[in-house]
Protein chains: 4
Amino acid sequence: MDREKRKEQILDCAKKLFAEHGYYQAQISDIIRDANIARGTFYRYFTNKKDIFVTLLENFYERWVSEVSLKRKMMDLETIPPEEHFRHRVQQSLQFFAGDPYLSRIFLRMGLGLPPDMENTIKRLENQILELIVKDLNLGIKHNNIPSDIDVTVTANLLIGATLRIAYYYFAEPAKQGGAVKDVEAITDEICRIVLPGLFLKHTGAK
Amino acid sequence: MDREKRKEQILDCAKKLFAEHGYYQAQISDIIRDANIARGTFYRYFTNKKDIFVTLLENFYERWVSEVSLKRKMMDLETIPPEEHFRHRVQQSLQFFAGDPYLSRIFLRMGLGLPPDMENTIKRLENQILELIVKDLNLGIKHNNIPSDIDVTVTANLLIGATLRIAYYYFAEPAKQGGAVKDVEAITDEICRIVLPGLFLKHTGAK
Amino acid sequence: MDREKRKEQILDCAKKLFAEHGYYQAQISDIIRDANIARGTFYRYFTNKKDIFVTLLENFYERWVSEVSLKRKMMDLETIPPEEHFRHRVQQSLQFFAGDPYLSRIFLRMGLGLPPDMENTIKRLENQILELIVKDLNLGIKHNNIPSDIDVTVTANLLIGATLRIAYYYFAEPAKQGGAVKDVEAITDEICRIVLPGLFLKHTGAK
Amino acid sequence: MDREKRKEQILDCAKKLFAEHGYYQAQISDIIRDANIARGTFYRYFTNKKDIFVTLLENFYERWVSEVSLKRKMMDLETIPPEEHFRHRVQQSLQFFAGDPYLSRIFLRMGLGLPPDMENTIKRLENQILELIVKDLNLGIKHNNIPSDIDVTVTANLLIGATLRIAYYYFAEPAKQGGAVKDVEAITDEICRIVLPGLFLKHTGAK
DNA sequence: AATGAATGAGCATTCATTCAT
DNA sequence: CATGAATGAATGCTCATTCAT
């Protein structure tokens with residue numbers, strides 16, 4: 001268990017450094033300095049640089065799956081109004097990114113030219129996010145809440161792009177320009193206000 | 001003029017490689033191999049690696065200014081309906097990114113940890129895009145087309161995030177998953193369909 | 001302590017190479033080959049090429065201060081005849097250069113165009129040597145052993161030039177032309193023979 | 001003849017640059033920039049970098065032969081008192097170096113590690129100077145003006161070292177510390193004052 | 001387990017020289 | 001003769017990884 005703790009500590013230092021300097025510019029030397037361990041010790045916990053980066057990404061991925069993806073399934077579409085359902089998801093996503101700004105930064109500003117493993121992990125997460133939203137949209141269509149002739153892929157990308165961008169802008173940038181960090185709640189409201197009218201069909205009183 | 005041509009050729013090769021492998025992984029050796037020039041020749045045209053990358057970025061920046069930013073000002077808000085105005089801008093932006101997939105890829109997947117000059121160039125372009133949209137939104141509010149209580153910064157980021165993401169997804173990814181490359185026109189319609197209703201006030205018949 | 005030993009060994013190899021080929025022509029590749037270490041190992045001990053060269057120079061400088069400059073102060077001008085005093089200094093200087101021919105060679109044939117740090121270290125040593133001699137001459141003048149109307153700067157330069165040249169000729173040149181390496185003692189005698197009569201006032205019997 | 005002029009001009013620029021930055025740090029690029037000629041033009045006048053440097057050195061060498069070495073032979077040892085003879089030589093040498101500070105600087109601060117040709121040219125000049133002085137000293141001994149038991153090589157090196165050092169100090173250093181540039185005449189007097197008494201035998205009244 | 005000295009492939013950059021125009 | 005674009009061998013330095021202690 002002590003070993004696990006140490007590993008966590010190294011991961012934390014690495015996360016911070018990767019978030020600040022990116023994969024190539026964050027060096028093993030920096031990590032072991034910040035983690036206060038010897039060079040060789042690092043390699044007792046991670047096989048190589050790629051490994052620690054992928055570990056970080058996988059953690060992020062798993063957390064996303066459990067905190068956003070799985071939770072969403074639990075929500076009962078039957079009882080909750082669809083707009084409220086949508087709202088919850090946006091809020092959950094923003095909350096997730098706000099919860100770990102360093103990892104968000106790493107994920108949201110992933111550069112080109114990373115080793116294939118990493119690219120794959122990222123692609124995997126991105127695709128899963130995309131698919132989840134597409135599934136949601138299709139569900140909305142099936143339930144007659146969303147018009148059946150929208151392009152779900154474009155729409156899903158629109159929603160993802162908007163959400164990630166806002167998450168990056170408000171939670172992952174080091175020096176925030178707009179003064180105080182915005183409230184997740186308030187941002188969620190704003191997003192819904194713009195997107196909901198075009199996305200959901202108006203429910204006429206009598207159903 | 002011949003010199004200009006050669007420089008262009010080197011830039012083209014570099015662009016492709018940066019788009020594929022990113023800044024750090026695209027090596028001078030690759031560039032000179034692809035451009036079929038000697039090592040020293042490269043340094044006759046660019047002072048260093050950073051220089052060629054920044055040049056690429058600046059080109060992109062200038063083209064954006066002239067092709068999107070400037071053109072937008074010319075549109076007459078008085079005669080064109082505001083929704084149509086918005087539609088044009090989205091279309092222009094998508095068209096711009098579609099026009100140079102390589103550069104778009106470089107720009108849209110810019111990694112962390114780049115030399116400060118580059119970060120600045122990127123930040124500059126991003127901020128200018130943001131400001132332009134904010135200005136547009138404020139104009140819409142002033143003209144009573146957009147509700148005055150929206151958060152313009154959140155909304156602008158939403159629009160940028162959505163547009164860039166879609167541009168990246170459809171035009172800058174090397175292996176397209178969804179089959180044929182989508183039509184700019186069609187995507188524009190889709191975006192407008194989702195966003196317009198929530199963004200613009202309904203004009204009641206009697207004005 | 002082992003680390004110190006290794007550093008010393010690298011310095012020794014570098015000294016030899018710098019003495020033979022000068023700063024620019026002695027390459028890191030040569031040093032690591034002669035020192036039988038890997039490229040990276042060199043940079044564990046010295047931050048760069050300049051560093052190892054300056055280290056060599058500083059060593060030389062410090063040794064000169066302790067072996068020649070400080071020792072000289074200890075000599076009692078009251079009890080020792082001034083000519084004898086002068087003789088000691090010449091001998092000490094020659095001994096110093098003879099003691100480390102490689103470093104002497106580096107120091108005595110320092111080329112133009114070296115990085116400023118090095119130039120400064122050299123200038124510092126040269127000036128200190130000059131000042132020490134000027135001080136000595138002034139002391140001789142005060143004690144009425146040296147005529148008060150000599151130009152101390154010209155004289156000091158004359159003595160330095162003569163000494164360094166002879167040191168270089170007899171101790172620092174790789175292929176000795178004149179057969180056997182001369183004895184420090186004998187050379188000292190010769191120098192004194194030429195210079196003393198013109199430098200020191202004749203002490204008439206009754207003082 | 002125009003060609004000769006152009007060559008001279010290039011040599012002048014190169015001389016200045018070599019004097020300032022040394023052989024390795026003075027680049028062809030600098031020379032052609034200062035000489036205001038094209039890259040290729042340089043190579044029409046000199047086969048390579050070494051060539052122009054050696055040319056400079058050879059010029060210096062030849063000038064020394066004609067201005068110092070040859071002139072000295074013409075002086076009649078029979079009619080001129082030996083001390084006066086010595087004085088002339090010192091003055092001539094100083095004058096020579098004072099006459100071309102740039103070249104003096106190049107010659108007097110020649111670094112280690114130069115291509116063999118150059119080393120040879122330098123050695124040749126140095127040896128010739130040495131030999132000339134040795135010959136002079138031997139002549140003095142033969143004429144009974146100089147004690148026969150001095151070590152001519154040590155003495156010659158002493159004289160050369162002293163003279164070159166003073167020449168460098170007063171004429172070849174860019175920023176002179178001691179205020180105004182000293183007069184050749186005055187320096188000569190000073191040197192003679194120190195060295196003559198020990199070098200020359202006292203001529204007793206009756207010869 | 002922990003350490004940190006040693007490693008060496010790899011990279012950006014320089015600069016004297018060539019040669020087609 | 002003059003030009004200057006092109007060349008590429010050579011060099012200093014970096015940094016992820018290994019391994020003996």
Side-chain angles (χ1 to χ4, degrees), chain A residues 2-3 6 23-33 35-53 115, chain B residues 2-3 5-7 10 23-33 35-53 115, chain C residues 2-3 5-7 10 23-32 35-53, chain D residues 2-3 6 23-33 35-53 115:
Chain A
D2 212 42
R3 176 175 170 81
R6 178 81 89 121
Y23 180 70
Y24 291 108
Q25 249 35 26
Q27 275 136 234
I28 301 290
S29 299
D30 300 328
I31 298 173
I32 62 170
R33 177 182 21 79
N36 211 28
I37 56 169
R39 212 166 195 74
T41 307
F42 175 87
Y43 286 90
R44 291 196 51 71
Y45 290 89
F46 302 96
T47 58
N48 53 31
K49 193 182 183 183
K50 221 167 59 183
D51 181 32
I52 195 173
F53 195 80
Chain B
D2 213 45
R3 175 176 172 82
K5 219 164 200 165
R6 177 79 92 130
K7 192 166 184 176
I10 301 175
Y23 180 69
Y24 292 108
Q25 248 36 24
Q27 274 133 236
I28 300 291
S29 299
D30 300 329
I31 297 174
I32 63 171
R33 179 182 18 80
N36 210 28
I37 56 171
R39 214 162 193 74
T41 307
F42 175 87
Y43 288 92
R44 280 190 54 70
Y45 292 89
F46 303 96
T47 55
N48 51 32
K49 193 182 181 182
K50 217 167 65 181
D51 182 33
I52 196 172
F53 195 80
Chain C
D2 212 44
R3 176 176 170 82
K5 219 165 201 165
R6 178 78 92 128
K7 192 166 183 176
I10 301 174
Y23 179 68
Y24 291 108
Q25 247 37 25
Q27 274 132 237
I28 300 291
S29 300
D30 300 329
I31 297 174
I32 62 171
N36 209 28
I37 55 170
R39 214 167 194 74
T41 306
F42 175 87
Y43 288 93
R44 278 189 57 68
Y45 291 89
F46 303 95
T47 56
N48 51 32
K49 193 182 180 181
K50 221 168 61 182
D51 181 32
I52 194 172
F53 195 80
Chain D
D2 210 43
R3 175 177 169 81
R6 177 81 88 122
Y23 180 69
Y24 291 108
Q25 247 37 25
Q27 274 136 235
I28 301 288
S29 299
D30 300 329
I31 298 173
I32 63 171
R33 178 182 21 80
N36 212 27
I37 57 170
R39 210 164 195 79
T41 307
F42 175 87
Y43 287 89
R44 291 198 51 72
Y45 290 89
F46 303 95
T47 56
N48 52 32
K49 193 182 181 181
K50 222 167 60 183
D51 182 32
I52 196 172
F53 195 80

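Labels below follow one simple rule: chain letters A, B, ... track the order of the sequence lines, proteins then strands, and each chain is numbered from 1.
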Legend entry - Nucleic acid footprint by protein, nucleotides 10-19 of chain F - heavy-atom cut-off 4.0 Å, B for base, S for sugar-phosphate alone: -SBBBBBBB-
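- Within the 4.0 Å cut-off from OP1 or OP2 of F:dC1, not a single side-chain nitrogen or oxygen of D:R6 is found.
- Here the nucleotide nearest the side chain of D:R3, chosen from E:dA1, F:dC1, F:dA6, is F:dC1.
- Taking the ring axis of D:Y23 as reference, the NZ or CZ atom of D:K50 does not stay both within 45° of it and closer than 6.0 Å to the ring centre.
- Remark: P of F:dA6 and NZ of B:K7 are 13 Å apart, rounded to the nearest angstrom.
- Taking atom CG of residue C:N36 and atom P of nucleotide E:dG8, one finds them 11 Å apart after rounding to whole Å.
- Residue contacts shown for B:Y45 are limited to sugar-phosphate atoms, with no base heavy atom under 4.0 Å away.
- Taking CD1 from A:I31 and CG from A:N36, the interatomic distance works out to 14.0 Å, rounded to the nearest 0.5 Å.
- D:R39 pairs by the side-chain contact (heavy atoms from CB on, under 4.5 Å) definition with D:S29, D:I32, not counting sequence neighbours.
- The pair C:D2-C:K5 does not meet the salt-bridge criterion, since no charged nitrogen lies less than 4.0 angstrom from a carboxylate oxygen.
- To the nearest 0.5 angstrom, D:N48 atom CG is 7.5 Å from D:F42 atom CZ.
- Ring planes of D:Y24 and C:Y24: tilted class, angle from 30 to 60°.
- Helical stems of DNA chain F (runs of at least 3 Watson-Crick or G-U pairs, donor-acceptor distances under 3.5 Å) are listed by first residue: E:2-21 with F:2-21.
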Legend entry - CA sep, side-chain torsions, deciding dist, call: D:Q27, D:D30, side chain to side chain contact (heavy atoms under 4.5 Å, CB included): CA-CA 5 Å; D:Q27 274 136 235; D:D30 300 329; 3.7 Å; yes
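- In this structure a side-chain-to-backbone donor-acceptor pair under 3.5 Å is present from B:K49 to B:A26.
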